[in-house]
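Have a look at this one before I ask anything.
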Amino acid sequence: MSYQWDFSGVWSRWDILLVGLVNTVKIAAISIVLGVIVGLALAFLKLSTKRHLSLPATAFIEFYRNTPPIIHFFWFYYALPVVVDISLDPFVAAVLALSTQSGAFYAEVFRGGIVSIEQGQWEGARALGMSHVQMMRRIILPQALTRMFAPFVERSFELIKTTALASTLAYADILYQAMLVNSETFRPLEVYTTIALMYVTLLVTASALSRVAEARLTAYR
Amino acid sequence: MDYQFEFALVLRSLPVLLRGLVVTIQLWVPSILLGLAGGFLLALARLSDRAWLRLPGLLYIELFRDTPVLIQLIWFFYALPILIGAELSPFAAALLGLALNTSAYAAEIFRGGIQSIGKGQWEGARALGMRRGQILRRVILPQVFKRMLPAFTNRAIEVAKMSSLASVLSVHELMYQGRLLSSTYYRPLEILTTVAFIYFVLIYPGTWLSARIEKSLAAKA
Amino acid sequence: MTDAILRVTGLHKSFGDHHVLKGIDFSVAAAERVAIIGGSGSGKSTFLRCLNFMELPSLGTVALDGREIGRPAGGDGARYYPEAELCAVRERVGMVFQQFNLFPHMTVLDNVMEGLVTVKGMKRAAARERAAAELEKVGLGAKFDAYPGRLSGGQQQRVAIARALAMEPEILLFDEPTSSLDPELVGEVLRVIRQLADEGRTMLLVTHELGFAYHFATKVIFLADGVFHEVGTPDEVLKQPRQERTRAFLARYTEFGF
């Protein structure tokens with residue numbers, strides 16, 4: 001092993017990678033927000049006792065959970081425009097793919113949190129004369145939210161990692177920008193090691209923040 | 001929406017797609033088996049009393065869990081050969097990446113399972129004069145194996161989905177064949193939808209099985 | 001009886017194929033204290049839970065102050081129960097559960113205030129005052145800011161009683177309130193219930209504590225196989241039961257007595 005590591009080419013193009021990092025954070029943040037909205041809608045549809053609401057939601061969720069993410073990216077970018085006759089730019093296609101698939105996973109997180117609340121809590125609230133809405137708002141959701149927190153964070157980390165697939169649609173995320181730097185420097189070892197470490201830093205930071213938040217949420221236990 | 005969905009094309013592409021499916025399975029099954037074996041050893045390292053085993057184990061697991069799989073595959077294909085001074089075929093790089101990734105996740109499943117067994121079992125076995133290895137093999141693992149099954153099934157599902165990323169390295173698996181065909185015929189809707197459907201058929205039984213095992217375990221508890 | 005607060009007519013309850021309650025007629029008047037006894041699976045808890053609609057009756061009616069709850073739906077005797085009507089019933093008919101069902105994310109004081117603020121729409125200051133008074137009454141004046149998870153089972157159950165009392169219900173339902181308590185904690189909960197009896201409150205109690213039932217109740221009901229097997233004063237049912245079935249049940253309780 002006589003390889004001479006040389007990061008100078010990477011360092012001198014730090015601005016290119018920084019653009020990628022900003023774009024990765026941007027697409028992840030937007031997709032998390034939209035994914036939460038999709039997930040909430042799906043969770044409440046699936047919890048419904050009306051089959052014409054719960055069945056389509058289940059089908060949607062199962063489809064996304066049982067197919068690879070990369071195909072959603074390609075499907076939205078190449079196939080959807082054929083159906084609706086508008087072309088999407090890579091950013092929009094990637095956001096659509098990320099927010100729908102994370103929505104399917106978030107839906108299960110939200111639903112799981114709600115159904116995990118013991119029967120006694122529902123009964124205790126009902127016995128006081130609370131309506132369904134009051135019970136959800138005051139008793140069930142506050143407890144469910146703390147239980148959803150850890151799986152929600154885990155899912156969001158998966159989403160952040162999945163944003164790397166946007167590079168296959170030529171969206172300028174960290175990975176795509178790294179490929180640019182690589183094509184100029186011919187230093188794949190240094191380039192790809194650098195962005196791997198960027199991801200580790202990003203996720204370790206996020207995970208530390210989430211642990212602080214979780215400790216606060218569950219203080220009453 | 002007067003788009004004509006061409007079923008004939010779907011039928012014509014099936015043989016090529018199924019050839020891709022075979023390669024997908026060739027990536028999938030060995031990745032899981034190698035990953036499980038590696039993961040078990042890693043878990044033992046993580047649980048070891050010796051810091052020089054424990055810390056590298058932790059570092060390895062975190063590196064794989066905190067970076068996108070796509071970057072790992074690209075790293076193994078473009079960066080690793082420079083370090084070791086030998087070419088890797090796309091298939092070998094993909095298999096290596098997937099197996100090592102799987103080992104990191106499997107290690108956490110093993111560790112969680114082993115730690116979930118109460119101290120009493122260790123003490124009971126030690127009181128009989130059993131050694132650590134014997135206790136693990138005869139007492140602990142038989143109890144945790146069932147509990148870990150749903151997690152392993154879920155991991156197998158994730159690996160099947162991840163294997164589609166090998167298409168980025170031009171491994172001729174299912175996703176690659178799908179991308180190739182859809183650009184050859186300019187029919188992304190038909191081809192990509194079919195590919196998604198094939199993945200669903202491949203993966204859904206696993207999801208179903210995992211849910212069933214989880215239910216029957218919960219019923220027994 | 002015309003002075004019944006609550007009247008049940010022809011009550012049936014099934015869970016799927018399992019027919020639990022098989023036609024029960026019952027009424028309770030002000031200041032009555034009813035103890036309901038019976039073996040496990042006899043349907044005594046289900047009966048109690050039908051009175052505040054924790055379970056919806058399959059057939060039959062429940063009337064409060066002579067007004068039947070819900071309205072007929074379909075022709076086969078089934079009824080539709082609008083949520084608002086059930087909430088109104090539960091405001092007037094309080095319940096204490098076997099498993100306490102306190103809200104773990106709220107302090108003891110907040111647990112007792114919750115119904116007052118959310119359901120009755122009371123101002124927080126007024127709700128706090130009443131909640132504090134109820135907690136003092138059950139002997140938990142020092143635990144306002146504790147979370148339920150930090151309390152003993154007996155303390156938790158007393159908070160649950162205070163929570164139900166604060167709503168000023170006309171009827172209180174106790175569903176095996178001491179069954180999940182350690183033996184040495186049973187007394188503190190029963191003493192609170194006896195205190196309520198002395199105040200002349202209307203109460204229904206499902207229990208396995210036959211001794212307590214004897215001293216507490218004005219009326220005892222022995223429920224078996226989904227019907228009232230024997231109804232009478234505590235002396236009639238617990239001391240001189242007429243039915244063979246009741247005698248057999250009581251014998252099992254005294255088998256290891258001393």
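In what follows, chains are A, B, ... by sequence order, proteins preceding strands, each numbered from 1.
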Would B/W75 and A/T193 count as a side-chain contact (heavy atoms from CB on, under 4.5 Å) here? Give the steps.
CA-CA 7 Å; B/W75 195 91; A/T193 304; 2.8 Å; yes
Within a radius of less than 6.0 Å around CG of A/D85, do more than 12 heavy atoms belonging to other residues, nucleotides or ligands occur?
no
Considering only heavy atoms from C-beta outward, does the side chain of B/F197 approach that of A/T67 to under 4.5 Å?
no
Is the shortest heavy-atom distance from the side chain of B/E62 to the side chain of A/V200 under 4.5 Å?
no
I'd like to check A/Y78 versus B/S182 (side-chain heavy atoms, cut-off strictly below 4.5 Å). Are they in contact?
no
A/Y64 atom OH, over 12 foreign heavy atoms within 6.0 Å
yes
Sub-3.5 Å donor-acceptor pair from the side chain of A/K161 to the main-chain atoms of B/R65, do we have one?
yes
Under 4.5 Å from any heavy atom of chain B - which part of A/Y77
neither
Does any part of the side chain of B/I82, heavy atoms only, come nearer than 4.5 Å to the side chain of A/F186, both counted from C-beta?
no
Measuring from B/E158:CD to A/E158:CD, what's the distance to the nearest 0.5 Å?
6.5 Å
B/F145 CZ: over 12 foreign heavy atoms closer than 6.0 Å:
no
Which portion of B/T193 sits near chain A, non-hydrogen atoms under 4.5 angstrom:
both
Taking all heavy atoms of A/V82 and all of B/P188, pick out the closest pair and write down the distance.
CG2-CG, 3.9 Å
Going through the distances and angles, do A/Y199 and B/L63 end up as a side-chain contact (heavy atoms from CB on, under 4.5 Å)?
CA-CA 9 Å; A/Y199 257 102; B/L63 273 180; over 6 Å; no
Go through B/I84 and A/Y3 one step at a time and tell me if the side-chain contact (heavy atoms from CB on, under 4.5 Å) criterion holds.
CA-CA 9 Å; B/I84 60 174; A/Y3 182 74; over 6 Å; no
Residue part contacting chain B, namely of A/E62, when any heavy atom lies under 4.5 Å:
both
Which atom of B/I71 lies closest to which atom of A/Y192, heavy atoms considered:
CG2-O, 4.4 Å
Minimum heavy-atom distance B/Y78-A/P188, with the two atoms named:
O-CG, 3.6 Å
Contacting moiety of B/R187, where chain A heavy atoms sit under 4.5 Å
neither
Looking at A/L203 and B/D66, what are the two nearest heavy atoms and their distance?
CD1-O, 3.2 Å
So with a 6.0 Å cut-off around CZ of B/F200, is the heavy-atom count from everything else above 12?
yes
Non-hydrogen atoms of chain B under 4.5 Å away: do they reach the side chain of A/M179, the backbone, both or neither?
side chain
So, does B/K161 use its side chain to make a donor-acceptor pair with the main chain of A/I70 at under 3.5 Å?
no
Side chain, backbone, both or neither: which part of B/V195 has a non-hydrogen atom closer than 4.5 Å to chain A?
both
Tell me whether the count of non-hydrogen atoms from other residues, nucleotides or ligands lying under 6.0 Å of CD in B/E6 goes above 12.
yes
Hey, are the side chains of B/L70 and A/L175 touching, using non-hydrogen atoms and a 4.5 Å cut-off?
yes
Heavy-atom closest contact (B/L192 atom, A/F74 atom, distance)
CD1-O, 3.6 Å
Tell me whether B/R54 at atom CZ has more than 12 heavy atoms from other residues, nucleotides or ligands lying less than 6.0 Å away.
yes
Please report the C-alpha distance between A/L165 and B/L165 in whole Å, then the side-chain angles of each, then the deciding distance to 0.1 Å, and finally whether the side-chain contact (heavy atoms from CB on, under 4.5 Å) criterion is met.
CA-CA 9 Å; A/L165 299 191; B/L165 299 181; 3.3 Å; yes
